[in-house]
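Structure first, then comments.
Throughout, numbering of the chain's residues begins at 1 and tracks the sequence. Side-chain atoms are counted along with the backbone in the values below, which use heavy atoms only and exclude waters and symmetry mates.
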Amino acid sequence: MQNLEILRLAAEMVIYNPETGKMVWRTKAPEEEHSSLWNSKNAGKECGTFDKDGYKVISFKTKNKPSVKIRAHRLAWVIVYGTIQNETIDHINQNRADNRIENLRSVSRLINQRNKLRNKNNTSGAVGVCFDKRRGLWHAQATVNYRKYHIGYFADFNSAEMASREFRVKNSFTENHGRVLSAAENTHST
């Protein structure tokens, strides 16, 4: 978890628009060190780049400390609410580039796991459903609070998918759990 003090210092260096999720660098006051260079190069420009996982990351340098990389969604949460209650800030629509405050929620890691995208190695096309070649049946299963649950074996894919979906609903998984982002959502824009 990012140190709250560092997040609060970083919050003073940016302007966040909660409706768009965008952050731009603040203008430094004339009396601040290197203000004219900073203002001509950075002030008013959108800050951050995307990491390999699709999160917007902003690098900050403070006096006498090494550079720190902060994920924009965590910074947005601190700017709006002043603190972080839980360890995870979840993107409700699963688009990691969408940092609008209405798309963010503070949840435990266990709850965050109930709003995951479909795994890249999923071959059946349905979350928690795979074909058991040995039995010749579709196997439905799910993991809740780090415990794996066997839902059942089914003769057809649709029955296994429905049983998996019903299990997820009963266990408070989000409606979005297991979906795949569209090409438009996957382009680092909102």
Side-chain angles (χ1 to χ4, degrees), residues 1-2 18-23 46-59 68-78 84-190:
M1 182 162 124
Q2 207 89 68
E19 293 175 13
T20 64
K22 306 288 184 208
M23 287 186 199
E46 191 170 345
C47 45
T49 59
F50 290 97
D51 69 10
K52 66 178 179 53
D53 297 320
Y55 291 102
K56 185 138 234 198
V57 177
I58 304 167
S59 292
V68 175
K69 290 186 179 193
I70 297 174
R71 287 187 169 169
H73 61 286
R74 296 182 63 74
L75 181 56
W77 192 267
V78 168
I84 294 181
Q85 297 296 323
N86 293 302
E87 66 180 67
T88 304
I89 303 300
D90 182 34
H91 289 85
I92 296 166
N93 70 3
Q94 300 164 322
N95 181 346
R96 295 171 178 173
D98 184 355
N99 292 314
R100 294 172 297 128
I101 201 64
E102 70 183 30
N103 186 46
L104 303 176
R105 65 183 183 155
S106 180
V107 297
S108 69
R109 184 161 170 75
L110 290 173
I111 297 298
N112 187 44
Q113 294 299 306
R114 296 179 190 177
N115 188 36
K116 286 176 51 177
L117 293 170
R118 185 179 316 152
N119 287 334
K120 292 177 183 173
N121 63 354
N122 181 301
T123 56
S124 73
V127 176
V129 177
C130 62
F131 189 72
D132 185 329
K133 291 179 185 174
R134 192 171 55 88
R135 287 187 169 94
L137 298 170
W138 290 95
H139 182 208
Q141 58 191 352
T143 302
V144 178
N145 299 341
Y146 305 113
R147 183 173 171 211
K148 196 168 237 171
Y149 290 86
H150 165 75
I151 300 168
Y153 290 101
F154 301 87
D156 64 284
F157 172 81
N158 290 336
S159 297
E161 181 181 30
M162 183 176 293
S164 178
R165 184 172 301 145
E166 287 171 1
F167 181 89
R168 290 193 314 270
V169 167
K170 287 178 188 172
N171 286 278
S172 303
F173 284 70
T174 68
E175 186 178 298
N176 286 334
H177 182 79
R179 77 183 183 104
V180 177
L181 289 181
S182 69
E185 291 173 303
N186 228 352
T187 62
H188 303 307
S189 63
T190 55

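- Atom CE in Met23 sits 10.0 Å away from atom NE2 in His73 (nearest 0.5 Å).
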Please assess Gln113 against Thr143 for the test side chain to side chain contact (heavy atoms under 4.5 Å, CB included), listing each intermediate value before the final yes or no.
-> CA-CA 9 Å; Gln113 294 299 306; Thr143 302; over 6 Å; no
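- When all heavy atoms of Trp77 and Ile89 are compared, the pair lying nearest together is CG-CD1, 3.6 Å.
- Judged purely by atom type and a 3.5 angstrom limit, Ser159 has no side-chain atom pairing as donor or acceptor with the backbone of Phe154.
- For the atom pair CD (Glu19) and CD1 (Ile101), the distance works out to 11.5 Å, reported to the nearest 0.5 Å.
- Asn115 places a side-chain N or O within donor-acceptor distance of the main-chain N or O of Ile92, the cut-off being under 3.5 Å.
- Contact annotation: the side chain of Val144 approaches that of Phe167 to within less than 4.5 Å [non-hydrogen atoms, C-beta and beyond].
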Step by step, work out the side chain to side chain donor-acceptor pair (under 3.5 Å) result for Arg74 and Asn99.
-> CA-CA 9 Å; Arg74 296 182 63 74; Asn99 292 314; over 6 Å; no
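- Between Asp51 and Arg71 there is a side-chain heavy-atom pair separated by less than 4.5 Å.
- Interatomic distance, CG of Asp90 versus NZ of Lys116, reported as 12.0 Å (0.5 Å rounding).
- Rounded to the nearest 0.5 Å, atoms OG (Ser164) and CH2 (Trp138) are 12.5 Å apart.
- Applying the salt bridge (Lys or Arg N to Asp or Glu O under 4.0 Å) test to residues at least two apart or on different chains, the pairs with a partner in residues 151-166 are Glu161-Arg165.
- Across Ala97 and Phe50, no two heavy atoms sit closer than the pair CB-CE2, 3.7 Å.
- Side-chain atoms of Asn158 do not come within 3.5 Å of backbone N or O of Met162 as any donor-acceptor pair.
- Between Ile84 and Val78, the closest heavy-atom pair is CG1-CG2, 3.7 Å.
- For the pairing with Val107, the side chain to side chain contact (heavy atoms under 4.5 Å, CB included) check across Ile111, Leu104, Leu110 returns one residue only, Ile111.
- Atom OG of residue Ser106 and atom CG of residue Asn112 lie 10.0 Å apart, to the nearest 0.5 angstrom.
- When all heavy atoms of Tyr55 and His91 are compared, the closest pair comes out as CE2-CE1, 3.9 Å.
- Taken to the nearest 0.5 Å, the NZ atom of Lys133 stands 16.0 Å off from the NE2 atom of His139.
- By the salt bridge (Lys or Arg N to Asp or Glu O under 4.0 Å) test, Arg109 is found to be paired with no residue, residues two or more places apart in sequence or in another chain being considered.
- Counting only heavy atoms from C-beta outward, the side chains of Arg114 and Asn145 approach each other to under 4.5 Å.
- Scanning both residues, Cys130 and Gln141, for their nearest heavy atoms gives SG-NE2, 4.1 Å.
- Looking at every heavy atom in both residues, Ile58 comes nearest to Cys47 through CD1-SG, 3.9 Å.
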